[in-house]
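Working notes, beginning with the structure itself.
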Amino acid sequence: MEGSIIARKFNDEEKIYLRQKLVTEGKKQFGQLGLKKTSVALLTEAVGIAQGSFYLFYESKEELYFTILEMEEAELRQQLLHSVNLEEKLTKEALKTFLKKGIALIENNPFFQQLYTENVLEIVMRKLPTSRLEQHFQQDSDVFFPIILSWQKNNDLIDHAPDVILSVFRSLIILSFQKKMIGEHLYHATFDLLLDCVAEGLLKKEEGSND
């Protein structure tokens with residue numbers, strides 16, 4: 001069966017098993033080689049199915065990559081959510097810590113490194129239907145809007161549209177992968193100052209404060 005191009009049918013139990021195997025092998029190969037150098041043939045050979053069988057599970061290797069990316073992102077979201085205590089007042093340092101933790105989690109993940117430094121995002125977006133991408137961005141909103149709205153309800157965060165505030169968070173993440181363009185010798189000092197300005201600007205000023 002290995003090396004064959006012709007796909008065969010699988011029963012439901014086999015489909016569940018093979019889909020998970022493709023995810024596991026995809027995570028390994030994409031993590032080591034990246035999207036561009038990982039071929040469908042390489043994935044199916046590792047899993048032990050015909051190359052044509054791959055398309056019974058995913059329309060393209062980009063779809064598999066994106067599926068794994070969403071899994072990675074869901075795990076990162078949960079780690080980040082565990083660091084938030086909505087019962088405590090949101091201070092400038094607490095907001096900076098929240099943003100730094102999110103950025104650090106993403107920076108240390110090979111999938112997100114590829115996404116923003118190897119033009120993978122552009123490749124994936126061309127291959128996936130708009131509805132899939134919209135659903136993906138909605139997941140971010142579903143997770144982070146309640147946090148943003150809670151901070152606003154507590155009068156900690158400025159009264160601005162949650163989607164704009166979330167976009168500010170995303171912008172910081174994208175910028176964190178531009179070390180070479182900023183200049184590596186200036187990057188950390190630049191980013192720390194920017195993070196300080198963002199946190200200061202997002203926090204609601206106390207009445208009577210001149211800061």
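Predicted model only: the values in this text are computed from it and were never measured.
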For this session: Just grab all the side-chain hydrogen bond (donor to acceptor under 3.5 Å, both in side chains) pairs involving residues 66-75, residues at least two apart or on different chains.
Result: Lys27-Glu72, Thr67-Arg132, Glu70-Arg132, Glu70-His136, Glu72-Asn109, Glu73-Arg77, Glu73-His136
Exercise. Is it true that Val23 and Ile16 fall in one hydrophobic cluster, defined by side-chain heavy atoms closer than 4.5 Å?
Worked result: no
For this session: Enter the distance from Phe177:CZ to Ile106:CD1 here, rounded to the nearest 0.5 Å.
Result: 6.5 Å
For this session: Of all the heavy-atom pairs spanning Thr91 and Leu203, show the shortest one and how long it is.
Result: C-CD1, 3.7 Å
For this session: Kindly determine whether Leu202 and Trp151 satisfy side chain to side chain contact (heavy atoms under 4.5 Å, CB included), including the steps that lead there.
Result: CA-CA 10 Å; Leu202 289 176; Trp151 282 336; over 6 Å; no
Problem set entry | Qualifying residues under side chain to side chain contact (heavy atoms under 4.5 Å, CB included), relative to Thr97, sequence neighbours excluded | none
For this session: Name the orientation class of the two ring planes belonging to Phe111 and Tyr65 (parallel below 30°, tilted from 30 to 60°, perpendicular beyond 60°).
Result: tilted
For this session: Applying side chain to side chain contact (heavy atoms under 4.5 Å, CB included), name anything that partners Leu33, two or more places apart in sequence or on another chain.
Result: Gln29, Lys37, Thr38, Leu42
Problem set entry | Side chains of Lys61 and Leu22 in contact at under 4.5 Å (non-hydrogen atoms) | no
Problem set entry | Partners meeting side-chain hydrogen bond (donor to acceptor under 3.5 Å, both in side chains) with Ser60 (sequence neighbours left out) | Glu62
Exercise. With hydrophobic residues grouped by side-chain heavy-atom distances under 4.5 Å, do Leu149 and Ile165 end up in a single group?
Worked result: no
For this session: Considering only NZ, NE, NH1 and NH2 on the basic side and carboxylate oxygens on the acidic side, decide whether Glu200 and Lys92 come within less than 4.0 Å.
Result: yes
Seminar exercise, completed: Here the gap from Leu121 atom CG to Leu133 atom CG, rounded to the nearest 0.5 Å, amounts to 8.5 Å
Problem set entry | Validation row: Tyr58, Phe66 side chains within 4.5 angstrom (heavy atoms) | no
Exercise. Between Ile68 and Leu64, is any pair of side-chain heavy atoms under 4.5 Å apart?
Worked result: yes
For this session: Walk me through it: do Phe30 and Leu43 pass the test side chain to side chain contact (heavy atoms under 4.5 Å, CB included)?
Result: CA-CA 10 Å; Phe30 289 137; Leu43 292 167; 4.2 Å; yes
Problem set entry | Approximate separation, where rounding is to 0.5 Å, of Ile147 CD1 and Phe169 CZ | 8.5 Å
Exercise. Is there any salt bridge (Lys or Arg N to Asp or Glu O under 4.0 Å) pair reaching into residues 177-190, and which pairs are they, with sequence neighbours excluded?
Worked result: Glu107-Lys179
For this session: Kindly write out the residues that satisfy side-chain hydrogen bond (donor to acceptor under 3.5 Å, both in side chains) with Asp142, not counting sequence neighbours, or none if the list is empty.
Result: Gln138
For this session: State which residues pass side chain to side chain contact (heavy atoms under 4.5 Å, CB included) with Asn85; sequence neighbours excluded, sorted by chain then number.
Result: Glu87, Glu88
Seminar exercise, completed: Contacts of Phe191 meeting ring pair (Phe, Tyr, Trp, His ring centres under 6.0 Å) (sequence neighbours excluded), chain-then-number -> Tyr187
Exercise. Can you name the side-chain hydrogen bond (donor to acceptor under 3.5 Å, both in side chains) partners of Thr24, sequence neighbours left out?
Worked result: Gln20
Exercise. Nearest heavy-atom pair of Pro146 and Ser141: which atoms, and what distance?
Worked result: CD-O, 3.8 Å
Exercise. Is there a side-chain contact between Val84 and Phe144, using heavy atoms and a 4.5 Å cut-off?
Worked result: no
Seminar exercise, completed: Rounded to the nearest 0.5 angstrom, the OG-CD1 distance for Ser167 and Ile174 is 8.0 Å
Exercise. For Glu13, does the CD atom sit with more than 12 other heavy atoms under 6.0 Å from it, leaving out its own atoms?
Worked result: no
Problem set entry | Euclidean distance, Ser53 OG relative to Lys15 NZ, rounded to 0.5 Å | 11.0 Å
Exercise. Does some side-chain heavy atom of Val47 sit less than 4.5 Å from a side-chain heavy atom of Phe54?
Worked result: no
Problem set entry | Partners passing side-chain hydrogen bond (donor to acceptor under 3.5 Å, both in side chains) against Glu122 (at least two apart in sequence or in another chain) | Arg126
Seminar exercise, completed: Residue set satisfying salt bridge (Lys or Arg N to Asp or Glu O under 4.0 Å) with Glu93, at least two apart, ordered chain then number -> Lys96
For residues 152-162, dump all side-chain donor-acceptor pairs below 3.5 Å to protein atoms at least two apart in sequence or in another chain.
from, atom 1, to, atom 2, distance (Å)
Gln152, NE2, Ile158, O, 2.8
Gln152, NE2, His160, O, 2.8
Asn154, ND2, Ser150, O, 3.3
Asn155, OD1, Lys204, NZ, 3.4
Asp156, OD1, Lys89, NZ, 3.0
Asp156, OD2, Leu90, N, 3.1
Asp159, OD2, Lys204, NZ, 2.9

Exercise. Nearest 0.5 Å, what's the CG-CD distance between Leu69 and Gln114?
Worked result: 9.5 Å
Exercise. Are Lys21 and Ile49 close enough that some pair of their side-chain heavy atoms sits under 4.5 Å apart?
Worked result: no
